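Quick caveat: nothing in here was measured; it's all calculated off a predicted structure. Chain letters run A, B, ... following the sequence lines, proteins first and then strands; every chain starts at 1.
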Amino acid sequence: MKKLINTPEREVDEALAGMAAAHPDLLRVEEPNIIVRKDAPRPGKVGVISGGGSGHEPMHGGFVGLGMLDAACPGAVFTSPVPEQMLAATKAVNGGAGVLHIVKNYTGDIMNFEIAAEMAQAEGIEVASVVIADDVAVKDSLYTAGRRGVGGTVLAEKIVGAAAEAGADLKTVTALCQKVQDNVRSMGMALTSCTVPAAGKPTFDISDSEMEIGVGIHGEPGRRREALRPADEIVEMLVTPILEEGIFASGDRVLAFVNGMGGTPLIELYVAYRKVNEILTGKGITIARNLVGSYITSLEMAGLSITLLKLDDELLRYWDAPVKTPGLRWGV
Amino acid sequence: MKKLINTPEREVDEALAGMAAAHPDLLRVEEPNIIVRKDAPRPGKVGVISGGGSGHEPMHGGFVGLGMLDAACPGAVFTSPVPEQMLAATKAVNGGAGVLHIVKNYTGDIMNFEIAAEMAQAEGIEVASVVIADDVAVKDSLYTAGRRGVGGTVLAEKIVGAAAEAGADLKTVTALCQKVQDNVRSMGMALTSCTVPAAGKPTFDISDSEMEIGVGIHGEPGRRREALRPADEIVEMLVTPILEEGIFASGDRVLAFVNGMGGTPLIELYVAYRKVNEILTGKGITIARNLVGSYITSLEMAGLSITLLKLDDELLRYWDAPVKTPGLRWGV
Amino acid sequence: MISTGDFSRFLETFAARIHAAKEELTQLDSAIGDADHGINMDRGMTAISELLPGLQDGDAGTLFKQTGMKLISTVGGASGPLYGTFFLRLGTSFGTATEIGPTELAAGFRAGLEGVIARGKAGLDDKTMVDAMVPAVEALEAGIGDLPAALDAAAVAAAAGRDRVTPLVARKGRASYLGERSADHQDPGATSTTILFESLRDALRAG
Amino acid sequence: MISTGDFSRFLETFAARIHAAKEELTQLDSAIGDADHGINMDRGMTAISELLPGLQDGDAGTLFKQTGMKLISTVGGASGPLYGTFFLRLGTSFGTATEIGPTELAAGFRAGLEGVIARGKAGLDDKTMVDAMVPAVEALEAGIGDLPAALDAAAVAAAAGRDRVTPLVARKGRASYLGERSADHQDPGATSTTILFESLRDALRAG
Ligand SMILES: Nc1ncnc2c1ncn2[C@@H]1O[C@H](COP(=O)(O)OP(=O)(O)O)[C@@H](O)[C@H]1O
Ligand SMILES: Nc1ncnc2c1ncn2[C@@H]1O[C@H](COP(=O)(O)OP(=O)(O)O)[C@@H](O)[C@H]1O
Ligand SMILES: [Mg+2]
Ligand SMILES: [Mg+2]
Ligand SMILES: [Mg+2]
Ligand SMILES: [Mg+2]
């Protein structure tokens, strides 16, 4: 295992110390390992928090700041955080207007956030939760854990954070988050595996001529393993099932998000974006906004995911609103 | 070779098409493969251009926009661009106040830019050049090609771009760029090799227990190969020779730039930043500004580089000035 | 009768065996999950080991409630809340008793199981720890007349439950994302649950 | 006398051999450079091959000037400006002549060499293409009385120059960044220059 760390046990703590040192203008790090917006709580503002396993940076900690998250709860690598963290974060950002939990749909995240929400509510804090489950690689079913939360989470955090910043109340912010979830779909693929530091070896074996289609952001196996193909065909294989969801139609405006998994050179993401643009344009869908880069990653995994969000004027306005975080920044 | 590309021959062109599609608000792509700020030329403004081989994204193309570069010239992967490109870029951004060429110190870049400058001057455009050579891994000597230009280039482009945006004349902008060069030093290391697409196999072999200290941004071998060490020791090994340059002293303010080589997870860069901060603080040096992320990369190479720039009020002011490019964005 | 000290030895044994099985559990999780189950469980049970010296002389309820709370606050993932809830309910069921008989033992484990189901909403054949836990608790309940035999039957039933669902397609937890590809892989959580019942048997037999 | 067609055959041969040596040159460059010399040269010479049909019936000066300009605009890197300048100066030296004698040939190559030195500022023993080019041009100059022998001597001298500097530490170009570690590696540019002189010999001999 080749990593720039000291020991697997200290990695998350040390990275948090690094973030605290690098971004004191935006955030602070508190016990028990939570990243809190510097000026939280802001009286009267709905608090927006999220969290999940570490190893997906900049998500979530890198999205703490003005116009996005009020706090993030980083767990061990690829392991959802513990309720103590979400409870502490909820209290730290509660300005009296309630707190929204943005939860990615993983059994562990769901249960730990649930326990924390119960505890916070017991302490008199109003908490709402929205579950992001946008990964079309997974069959949606009432009888399973359902779909994973992936790239749509980044877009939800940005948009919802902007609404909360603008003073929207908890009900409005919660409904907006659900609206993002209802209009966003993603799919990813991997060329290589990631290595969980504590595990010390790659999560999956994959030969030099194969790729994993529909991979999860924790290196979970995807829909299928198959022979490596040219980038354009790979993009087709990801965009097609997203479009088959029936959400996106000719005449629609979308936000297209081409995301690197952590070990993917930016030049390759632009090669892919070119093809995404070509496919959507061909279908009469307008890419009104885009995001190209590595924002929700899986440690050093090489690969990409594509996320499409159907936009309306409200989503567009909140997407364009100022944001100032370590990972996303514009308008201020 | 596992890459998200169609063919090695088409990679750069297709990535440029992707950039053009993704950022029409900031830039345009023109023949012969140059990336030009959307509103160039701006009458009366000094044009600032740079260029070099592709594979280092976001540098340079991702730094075209308000407050940074007016144009970038991307060559084939890891191969300096041709004079035609620099000539076309120089003409495209010439607003009558002259054009600065920011050149990384590689024989190829130097010679190709030199030819372009001669050609542009022959066409009556005033051209100045500054060579960035900040890599302390390489011994500085009059009798060799000297030091490589690495991370300092990103900082120079930001600072010089801000001065040009503010209306400084060519002489001032050139002197400022030289001032950055005189006050900036870098050193990098690699855990893994990169693979030039057209070559199809890794540039160097490295075992699972080794690292390359002092590696170049093209996967050029470094100072030495040695056993992998914990992150803190690696950071020490990079910061020490930078400090030994004698530029940075107790009481100084610096910009600390911890850069990922392309395949490095962001979480690891923060682990490293923590240690950089600890070392410098221990020496009485204040990190007044920092940049943590993958900004000058070597395709999918895993590793990092550390760059320190001694700041004064002028450099600080131009660093903080608004910038709006695909790769760096704040204040607008 | 089972003393708090006996239960403490059970937790110690469970911690030691989880530590020994850390790689195996992680390996199982890397095939159909995210390669952390062994790491998660070991992190939690190591914390429990450190807790035990201060708890072994108190009541059984406190021992297990503290264990549950500690697991919830150290493990994370799916297994943290699930095992945490399991031990919390077990502790609540035992209350302030310091000596537990077979009937109370079975009732406590039933309460723990119900907590896991309430929290995780998995049923039989969803291919989770529940598939090992249900038959184990049923064996305990069925055997309260002969505790050593019941403990052995529970451990055997857990293992059988674990193996029974190996061919199935997972319908809960991370493995469910795999659909058909999850079939023919042993579930990591059912494996750690089997270790739990084996530890219980062996620790109480030794006492 | 050497005709423009002969020179065109020289360039064709050079292009073909560079193409054949593409991997080898890149491999040499990956040891002490950035793994692109073969790719660079092949990109440039492939472009030259496409140019040749339109140039082989004109004068030798135009042939080589166009070749130089094309290399400068397609190769990039260090070798683009260097080989580009080489052929530009060669072309300038030949002017509008369509038949070139041994004396003019040697003078042309001397001019090309001087262009390379002016552009790259490398001297002997810096471990670059100059170390193959200098002895080759000297051999040409020394042998103008017997052209076939001189061409052969030039090719042999280039190879000898290439090999002579293999043990040395590079002082120019990317390899110089390596310091001591560049010793005992064959220089890619000196290797392609040797191919150039071998192509010249073989193409003119065949003609
Ligand atoms: N809803 C659920 N109910 C019961 N057990 C579950 C549920 N979801 C997952 N599990 C169990 O948890 C185990 C995985 O635990 P672990 O790897 O620690 O958590 P995570 O899946 O969050 O990484 C699975 O093997 C399964 O037995
Ligand atoms: N200053 C110089 N003068 C002469 N030849 C040089 C000089 N610098 C480099 N070279 C030659 O160029 C070769 C490398 O060419 P190439 O790999 O195409 O360019 P780059 O180094 O830009 O990648 C070296 O092997 C060397 O022979
Ligand atoms: Mg997990
Ligand atoms: Mg090169
Ligand atoms: Mg797991
Ligand atoms: Mg080279």
Taking every heavy atom of B/Ala22 against every heavy atom of A/Asn290, the minimum-distance pair comes out as O-ND2, 2.7 Å

From B/Leu299 atom CG to A/Leu266 atom CG, the distance as rounded to the nearest 0.5 Å:
11.0 Å

Rounded distance [0.5 Å steps], CG in A/Leu328 versus CZ in B/Arg329:
9.5 Å

B/Pro74 versus chain A, heavy atoms under 4.5 Å apart: side chain, backbone, both or neither?
neither

Where on A/Ile267 is there a heavy atom nearer than 4.5 Å to chain B: the side chain, the backbone, both, or neither?
both

Honestly, the part of B/Leu304 sitting under 4.5 Å from a heavy atom of chain A is both

Between A/Tyr270 and B/Pro326 the two heavy atoms that sit nearest each other are OH-CB, 4.0 Å

From CG (A/Leu4) to CD1 (B/Ile234), nearest 0.5 Å
5.0 Å

Closer than 3.5 angstrom, by distance alone: can the side chain of A/Lys2 be matched with the main-chain N or O of B/Gly303 as a donor-acceptor pair?
no

Do B/Arg274 and A/Met19 come close enough that some side-chain heavy atom pair is under 4.5 Å?
no

Measure A/Leu228 against the heavy atoms of chain B and call it side chain, backbone, both or neither at under 4.5 Å.
side chain

Measure distances from B/Arg10 to the heavy atoms of chain A and classify the residue's part below 4.5 Å as side chain, backbone, both or neither.
side chain

Identify which of B/Val258, B/Ile5, B/Thr192, B/Val276 forms the greatest number of heavy-atom pairs closer than 4.5 Å to chain A.
B/Ile5

Report which part of A/Leu269 has an atom under 4.5 Å of a heavy atom belonging to chain B: side chain, backbone, both, or neither.
neither

Provide the closest heavy-atom pair for B/Asn277 versus A/Ala21 in the form atom of the first, atom of the second, distance.
ND2-CB, 3.6 Å

Answer yes or no: does atom CG of B/Asp205 have more than 12 heavy-atom neighbours from other residues, nucleotides or ligands under 6.0 Å?
no

Among A/Ser54, A/Gly18, A/Cys194, which residue has the highest count of heavy-atom pairs closer than 4.5 Å to chain B?
A/Gly18

Let me know if A/Pro322 has heavy atoms under 4.5 Å from chain B in its side chain, its backbone, both or neither.
neither

Any donor-acceptor N/O pair, A/Glu14 side chain to B/Val271 backbone, under 3.5 Å:
no

Among A/Asp232, A/Thr7, A/Leu291, A/Thr281, who wins on heavy-atom pairs under 4.5 Å with chain B?
A/Asp232

Chain A interface, residue from B/Glu210, B/Glu233, B/Met1, B/Arg289 that has the most non-hydrogen pairs under 4.5 Å
B/Glu210

Just by distance, do the side chain of B/Glu300 and the backbone of A/Gly263 share a donor-acceptor pair under 3.5 Å?
no

Among side-chain atoms of A/His23 and B/Tyr273, is any donor-acceptor pair under 3.5 angstrom?
no

Counting only heavy atoms closer than 4.5 Å, note whether B/Met301 contacts chain A via side chain, backbone, both or neither.
neither

Taking all non-hydrogen atoms of both residues, which atom of A/Pro230 and which atom of B/Asn6 are closest, and how far apart?
CB-OD1, 3.4 Å

